[in-house]
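Shown next, in structure tokens, is the structure this report addresses.
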Amino acid sequence: MPEPEKQSNERKTLDDRQKMTELERIRHSCAHVLATAILRLWPEAQFAAGPPVENGFYYDVDLPHRIAPEDFEKIEAEMKKEIKANNVFEKMVVPREQALKDAQSGRLAALGERGFPSKFKLDIVQNIPEHEPISYYKNGDFIDLCAGPHVMRTGNIGAFKLTSVASAYYKGDEKNPQLQRIYGTAFKNKTEMEAYFNMLEEAKKRDHRKIGQEMGIFAMDPDYTGPGLPLWLPKGGAIIEELEKLAKETEFAAGYQRVRTPHLAKEKMYLTSGHLPILYAESMFPPMELDELKNKPEKRDERDQLGEKVEKLKSLVLAEADNLVTEGEGSTQRTDLVGQEREKFLLEKIREIRDEGNLDPGLASLLAEFETEHGNLLMMPQPTYYYLKAMNCPHHHRIFAAEPRSYRDLPLRLAEYGTCYRYEQSGELFGLMRVRSLNMNDAHIYCTEEQFAAEFNAVNEMYLKYFKIFGIDKYIMRFSTHDPSRLTGDNAKFVNEPELWKKTEDLVRQTLIDSKINYVEVPNEAAFYGPKIDVQVWSVIGREFTLATNQVDFAVPKRFGLVYRDRDNTEKTPLCIHRAPLGTHERFIGFLIEHYAGNFPLWLAPEQVRVLTIGDDEALVNYAKLIVNELRASMVRAESDFGTDKINGKIQRAEQAKVHTMLVIGPRDMEAGNVSVRVHGKGSLGAKPKAEVITDILQAIKERRP
RNA sequence: GCCAGUUUAGCUCAGUGGUAGAGCAACGGUUUUGUAAACCGUCGGUCGCCGGUUCGAGCCCGGCAACUGGCUCCA
């Protein structure tokens, strides 16, 4: 199991670094060899960071020449020379001044002095804490700023290969320059490296995109449907049905109620929820416009011109109002407000000042003109905007609001397999794992603070129940909390409710501790409305991703004004738990395909049973048809192959299609009232009485036998 | 969105500037079969799209799109 990565961007301590395994040392050393080779070819290269990573290493380099895979051969040739030279990795501890001087003269991450500074190394030196010693590692002519550790000699790198080139921002920050990241891998010897590449080949065969296509589970149709919008073929539809059945049974037993909501909603919904104002807008598809004036261009132009005029007036008024309110006495500033909410607030304030008669006459007439024109604008039909929903919660909140609620209604658990649409960046799309249309195993639990721990635990129990069914044993719960420095200001990412953040985070942390669930705390990654727990899993081929989620929301119910009447006859806002134990169909099925390598257990298998006849003799086919009909009458996905092919051919096709159970029927079976059972991957299990076989199939499906 | 690579028949892939190919699948026949491929034939392509270079472009050049590997982001 891959170790969970260090979640923070903090520097590794020197102690941490000493814990590097031998393989990591080999790879880290190989990164230095890579830099050495690149410098021999391009002496002007500027290096940033070159660490070992999970399956190898990389080195980030800034270089006018674009390194392409065609360059790998000559780079590898230079690397081989360096390894053959078997140079010692020599550690040198230097005074800070020396390091600064060498960075300035371009000596760091270089083969010799250069006429220009080693700019990234200079930056790195300047950021090394005062108390920490500074060291170099030298192999041959190459000297690099490096805390180590390394292998003894370059010759200790038994086998290596450059694998790919990608771009990466310096220090992972979008605002920093983009560097070329050269990836490679290294091993103690050739045999181990070959084993690794063989493993990669095997992994490719389990890729859900490949198996999904081969088995006919889903199709992508970027030209017609659009990128990231999978089409579920009948076989995928069958898996979806089974997952929904499982979720519905489980949720019904746990006291959930099912609801259905539309796929879109008016702009107001998302202005209220905060999705549009708070940094979520770019994840939503752009709005659909409904406009009465659509076919009246001249009216429309008139409105547009008036609209521009109003906007101009408004910005003038707001600029003045901003000065008045923020410079004025009494600290009425509300720096937490953004966008439309801030405008609304400023307008209210300036009207108050006017009503008190304290407004400068010039500004007052500007305000009056704005109000008149704004009024005129509102007299005209306005376009309305609809958005595809990116989340189900706002709709569920409106269901909560649709009826008066009492404390007796709580906890209220609303469940829906809701379809959401998210405008993921084009580079993010990835098979079924990252898509733009997604079906969430969603539910929202509205509860009181007292009920929170029990509800939260029940959700966690549900996760564990599902994981057992699917045989998922590698997972970790990531508890994401907020960053107090990002509650306000331009880079605000979280709703500005410091008290509530603290309270709910403590509540969740305590619940996690009490339940003894294995978790890691991840700072700064909460949802904008509250802390969350993501369940991270690893597919069998080592792909890591968030499968399920469990989030606390203390903010959005308040924004929607959701209340229930409590025992003491006061109105209170409920807490809301968002939870999606099966995540989305898209990601979950993508995961399951890789998890099972397409060899689904009987209950999930798209084609559960295929009946194969030996020959197409009429009596035999009739007997086989009876079996298929009997299975289908019990909702078993059974298909038939009654053609004239040889039985070996029929079996081969069924095996390749990963049909779970094959029932082979020849004259011998028919006479004895038997069927011959063959299970995918297990070979022939021999002939058994028909009734017995059917009963066992039904039982295995019912139990969801693994 | 950014960097790099890729795109030829439904699928897997050949094809180095001179008449677009193979296997599987599909379709039509022949074959009557006992646990991973019986045989013969037929169909199938504006070589991702648009433009350029050339007497001539699947191949060389440019733009766009999609996909793949990463980066940033996330269920």
Side-chain angles (χ1 to χ4, degrees), chain A residues 53 58 60 66-71 163-183 204 207 209-210 213-214 216 219-223 226-228 279-280 282-283 390-391 420 422-435 438-442 480 525 527 532 534-537 545-551 578-588 590-591 612-617 620 643-656 662-669 676-687:
Chain A
V53 287
Y58 65 78
D60 283 345
R66 294 256 150 251
I67 295 179
E70 293 99 74
D71 297 318
T163 51
S164 64
V165 54
S167 88
Y169 300 106
Y170 179 51
K171 290 182 174 173
D173 190 333
E174 262 181 302
K175 292 175 205 100
N176 286 338
Q178 255 187 348
L179 307 173
Q180 304 186 60
R181 177 167 292 180
I182 317 297
Y183 278 93
K204 253 193 211 162
D207 191 304
R209 291 167 297 192
K210 186 176 158 63
Q213 186 201 53
E214 284 167 357
M220 288 294 184
D221 187 4
D223 288 342
L279 286 176
Y280 206 85
E282 61 189 30
S283 298
M391 291 181 163
C420 300
R422 297 185 184 174
Y423 190 77
E424 300 291 348
Q425 294 177 16
S426 59
E428 303 304 331
L429 300 175
F430 174 72
L432 285 178
M433 303 297 194
R434 197 69 184 274
V435 292
L438 27 100
N439 287 274
M440 294 184 81
N441 168 224
D442 216 352
S480 303
E525 291 197 7
K532 66 172 178 179
D534 288 321
V535 180
Q536 192 166 313
V537 297
F545 46 87
T546 305
L547 197 64
T549 186
N550 185 6
Q551 312 182 349
H578 305 235
R579 40 110 282 174
L582 296 178
T584 63
H585 281 325
E586 287 71 17
R587 189 172 285 182
F588 201 78
F591 168 80
L612 319 174
T613 53
I614 299 173
D616 64 346
D617 176 72
L620 194 65
T644 63
D645 281 346
K646 298 252 186 220
I647 189 63
N648 280 352
K650 293 185 184 184
I651 285 171
Q652 165 119 0
R653 273 202 306 280
E655 289 282 358
Q656 282 173 347
M662 287 149 272
L663 300 180
V664 177
I665 293 167
R668 288 208 302 266
D669 301 295
S676 292
V677 182
R678 182 188 171 98
V679 170
H680 174 56
K682 289 187 187 158
S684 176
L685 303 181

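Hydrogens, waters and symmetry mates are skipped; everything else that's a heavy atom, side chains included, is used. Not measured: the values here are computed from a predicted model. Just so it is clear: chains get the letters A, B, ... in the order the sequence lines come, proteins before strands, and each one is counted from 1.
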Length of the line joining A:L179:CG and B:A4:P, which is rounded to integer Å:
13 Å

Scan A:M391, A:E428, A:R434 and name whichever one has a side chain to side chain contact (heavy atoms under 4.5 Å, CB included) with A:R422.
A:M391

Nearest to side-chain heavy atoms of A:K646, which nucleotide of B:A38, B:U35, B:U12:
B:A38

Please determine whether any donor N or O and acceptor N or O are separated by less than 3.5 Å between the side chain of A:D669 and the base of B:G34.
yes

What does A:K682 touch in the nucleic acid at a heavy-atom separation under 4.0 angstrom: a base, only the sugar-phosphate, or nothing?
nothing

Presence of donor-acceptor pair under 3.5 Å, side chain of A:R422 and base of B:C73:
no

With rounding to whole Å, what would you report as the distance between B:G44 and B:G1 at their C1' atoms?
39 Å

Once you apply a heavy-atom cut-off of 4.0 Å, does A:L612 come out as touching a base, just sugar-phosphate, or nothing?
nothing

Counting heavy atoms from C-beta on, name the nucleotide in B:A75, B:G1, B:U35 closest to the side chain of A:Q551.
B:A75

Side-chain donor or acceptor of A:T644 under 3.5 Å from a matching atom on the base of B:U32?
no

A:T546 vs A:F430, nearer the 5' end of RNA chain B by closest nucleotide:
A:F430

For A:N648 and for A:G427, find the nucleotide of RNA chain B with the closest heavy atom, then tell me which residue's nucleotide is more 5'.
A:G427

Between A:D645 and A:K650, is there a side-chain N and carboxylate O pair less than 4.0 Å apart?
no

If you check every side-chain atom of A:S676, which of B:G1, B:C73, B:U35 has the closest atom?
B:U35

If you measure from the C1' atom in B:C50 to the same atom in B:C55, how many Å do you get, rounded?
23 Å

Let me confirm one number: the CZ-OG distance from A:R181 to A:S167, rounded to the nearest 0.5 Å.
8.5 Å

Is A:S164 near enough to B:G70 that one of its side-chain N or O atoms lies under 4.0 angstrom from OP1 or OP2?
no

Could you state the CG-P distance from A:D645 to B:G34, rounded to the nearest angstrom?
13 Å

Would you say A:K210 reaches B:C11's phosphate, i.e. side-chain N/O to OP1/OP2 under 4.0 Å?
no

Which is true for A:Q180 with a 4.0 Å heavy-atom rule: it touches a base, it touches only sugar-phosphate, or it touches nothing?
nothing

Base, sugar-phosphate or nothing for A:R587? Non-hydrogen atoms, less than 4.0 Å.
base

B:A25 to B:G41 separation - P atoms, rounded to the nearest Å:
15 Å

Using the C1' atoms only, state how far B:C59 lies from B:U7, rounded to an integer number of Å.
14 Å

Give A:G649 one of three labels, base, sugar-phosphate or nothing, depending on what nucleic acid heavy atoms sit under 4.0 Å from its own.
sugar-phosphate

What's the gap between B:U31 and B:A37 when it is taken at their C1' atoms, as a whole Å value?
15 Å

Quick check for you: among B:C3, B:A75, B:A36, whose closest atom lies nearest to any side-chain atom of A:K532?
B:A75

Measure from the side chain of A:Y169, starting at C-beta and using heavy atoms only, and say which of B:G1, B:U30, B:C74 lies closest.
B:G1

Nearest-angstrom distance from the residue atom CD1 of A:I614 to P of B:A38:
13 Å

Give a yes/no answer on whether the side chain of A:Q656 brings an N or O atom under 4.0 Å of OP1 or OP2 in B:A37.
no

How far does the C1' atom of B:A4 sit from the matching atom of B:A22, given to the nearest Å?
32 Å

NA contact type, A:D223, heavy-atom cut-off 4.0 Å: base, sugar-phosphate, or nothing?
nothing

Select one nucleotide: of B:U35, B:C74, B:G70, the one nearest the side-chain heavy atoms of A:A166.
B:G70

Within the structure, does a side-chain N or O atom of A:R209 lie under 4.0 Å from either OP1 or OP2 of B:G69?
yes

Using atom C1' in both nucleotides, what's the gap between B:U54 and B:U42 to the nearest angstrom?
38 Å

If you measure from the P atom in B:C2 to the same atom in B:G17, how many Å do you get, rounded?
33 Å

From C-beta outward on A:Y183, which listed nucleotide comes closest to its side chain: B:U35, B:C71, B:C74?
B:C71

